[in-house]
There are 2 protein chains.
Amino acid sequence: MDRLRTNFHTNTTIERCDTCTVRHRAVCGALSKEELGYLNRLARHKKVPAGQVIMSDEEPADFVGIINSGAIKLTKTLADGRQQIVGLQFASDFLGRAYNSRNAYFAEAATDVEICSFLREDFEALLKQFPDLENRLFQNTLNELDAAREWMLLLGRKTAQEKVASFLLMLAQKSSLLGCGHSETVKFATFTLPITRTDMADYLGLTIETVSRQITRLKSRKIISITGNREFLVPDMSALTEVAGQDQPLDD
Amino acid sequence: MDRLRTNFHTNTTIERCDTCTVRHRAVCGALSKEELGYLNRLARHKKVPAGQVIMSDEEPADFVGIINSGAIKLTKTLADGRQQIVGLQFASDFLGRAYNSRNAYFAEAATDVEICSFLREDFEALLKQFPDLENRLFQNTLNELDAAREWMLLLGRKTAQEKVASFLLMLAQKSSLLGCGHSETVKFATFTLPITRTDMADYLGLTIETVSRQITRLKSRKIISITGNREFLVPDMSALTEVAGQDQPLDD
DNA sequence: CGACATGTTGAACCTCATCAACCGACGTGG
DNA sequence: CCACGTCGGTTGATGAGGTTCAACATGTCG
């Protein structure tokens, strides 16, 4: 455990895949024990400090990776500086684009981040070799597409209040999912906000002022309570879900 | 040719893949002549009138398909009826979600549509059998993800004027791409608007009134000209691109 | 301690949504 | 044949939700 931690600092040593904490949730969970050996030899552990750009849309990215810890934001920017976060990725999420060195966006460490990275060509070779791995990555991409479209609904049609509530709800659900298996039935949740207000604003298509105001409003409505700006408590998930105005199949 | 057309009406006869006009651009372009034979036997041609729901997020979709002609909108709706179009698909685009019967959105014919459809299980079997086909579908999904994220930037950060201009620019580029190969250098473009103002509004996260006003504004600014509400002419693509405020790699 | 980053709150302004009237095209039934 | 309703689209008046600008609070780190 302690030996593992020190490895992270050297930036070149290889972590043992079989002790990896996110493996079963990540794409590499598709591989058998023996197949993991291949991964092991190609994997390279990286530590990235908060704020650092990991991939740019200018220079081709020669690597892909899997997030071990921390949060990474994918951003797109207009000429005049207006910015939009188009994806937030956490531990076990896949980072980068297979089959294409051109990235359409920036990837930036939103917090300190640990990544298990691979040369893109190495990883693509693995994909060819292990169809289960490619299939898992494919499924992963399909899920990301669904999430992106869910977010399009939020960006295009939700009010500021609903946007903020939806984001907090997402985090709350994620945290209660990690806690125990039966996620649906949880009444309350606690979590630590992984990003700044600025990033929240860029994710929700708002300004920081509006985000701040809406959070205060949710506090005064007793939907959430906060300690120290980053620790959130949701006493009643259904109340938050209500405010988030979650989309709902309409029966015609 | 005439025999082919009559086939469309019967709804059960099989179109010959080797005469298909969209094949080379669609995912089935990955298959060889012989492999196309498999497709041929499984394909089923469908005609869908404008307005009809093709897939719902309620009942599992048991088929997937490739669009031969027309436009299909993918929509998501909030409980109170607010709607957002999360994808617009045209000829040669793939429709449906492999590996998952649950659809996260509605698919609705925006115009009269012709689809070449397959039972989902049939198609998934083909994917297993022909890795090239699966790979092409994967690439296709990656492109859709990129497009969705591009649209997130539009929805979250662009002004009404920029939104409308961006949408028209997209159509203009699509049309000039079909015309000739060298798409980059074209100065002007003409196209027919494939959807109503209402759909435009739902795609851009605006109201029909705002869309209408922005179009009139683009007209009076001489960026576009219109005949009969649906026929658009863009005299100078670069001017439209300018107004669309296309995102631009920022150099830091 | 002062400097700087992060977050909150207030006031004024502006873009876009809302409500409403209107137009032309089309189809339908008396 | 025309009155009628409907649908897609335009235009105007008004107002609300969110942005912008500005001041202030809080926390952290040298």
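Every chain is numbered from 1, with letters handed out A, B, ... down the list of sequences. All heavy atoms count here, side chains included; hydrogens, waters and symmetry mates do not.
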Look at [X] and [N] and indicate whether a side-chain polar atom (N or O) is within less than 4.0 Å of OP1 or OP2.
{"X": "A:Thr207", "N": "D:dT19", "answer": "yes"}
{"X": "B:Arg197", "N": "D:dG9", "answer": "yes"}
{"X": "A:Arg213", "N": "C:dT8", "answer": "no"}
{"X": "A:Asn229", "N": "C:dT8", "answer": "yes"}
{"X": "B:Thr210", "N": "C:dA17", "answer": "yes"}

Euclidean distance, atom [atom1] of residue [X] to atom [atom2] of [N] [Å, nearest integer]:
{"X": "B:Gln214", "N": "D:dT11", "atom1": "CD", "atom2": "P", "answer": "12 Å"}
{"X": "A:Gln161", "N": "D:dG17", "atom1": "CD", "atom2": "P", "answer": "11 Å"}
{"X": "A:Arg230", "N": "D:dG27", "atom1": "CZ", "atom2": "C1'", "answer": "12 Å"}
{"X": "A:Glu231", "N": "C:dG7", "atom1": "CD", "atom2": "P", "answer": "13 Å"}
{"X": "A:Glu162", "N": "D:dG17", "atom1": "CD", "atom2": "C1'", "answer": "12 Å"}
{"X": "B:Leu204", "N": "C:dA17", "atom1": "CG", "atom2": "C1'", "answer": "15 Å"}
{"X": "B:Ile208", "N": "C:dA17", "atom1": "CD1", "atom2": "P", "answer": "11 Å"}
{"X": "B:Asp199", "N": "D:dC7", "atom1": "CG", "atom2": "C1'", "answer": "13 Å"}

Under 6.0 Å from the CD atom of B:Glu59, do we count more than 12 heavy atoms belonging to anything else shown?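 Incorrect, the count does not exceed 12.
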In terms of the angle between their ring planes, are A:Tyr203 and A:Trp151 parallel, tilted or perpendicular, with boundaries placed at 30° and 60°? parallel
For [X], which contact category applies under a 4.0 Å heavy-atom criterion: base, sugar-phosphate, or nothing?
{"X": "A:Arg82", "answer": "nothing"}
{"X": "A:Leu206", "answer": "sugar-phosphate"}
{"X": "A:Arg157", "answer": "nothing"}
{"X": "B:Gly205", "answer": "sugar-phosphate"}

Short question: side chain of B:Lys73, backbone of B:Leu88 - any donor-acceptor pair under 3.5 Å?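 No, B:Lys73 side chain to B:Leu88 backbone: no donor-acceptor pair under 3.5 Å.
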Return the nearest nucleotide to the side chain of A:Glu209; candidates are D:dT20, C:dA17, C:dC19.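 Between D:dT20, C:dA17, C:dC19, the one nearest the side chain of A:Glu209 would be D:dT20.
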Quick one: does NZ or CZ of A:Lys46 land under 6.0 Å from the six-membered ring centre of A:Phe63, within 45 degrees of the ring axis? yes
Taking the nucleotide of DNA chain D with the closest heavy atom to each, which residue, B:Thr216 or A:Thr159, is nearer the 5' end?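 Checking each residue's closest nucleotide, the 5'-ward one belongs to B:Thr216.
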Check the side chains of A:Thr192 and A:Glu231 for a donor-acceptor pair under 3.5 angstrom, ignoring hydrogens and angles. yes
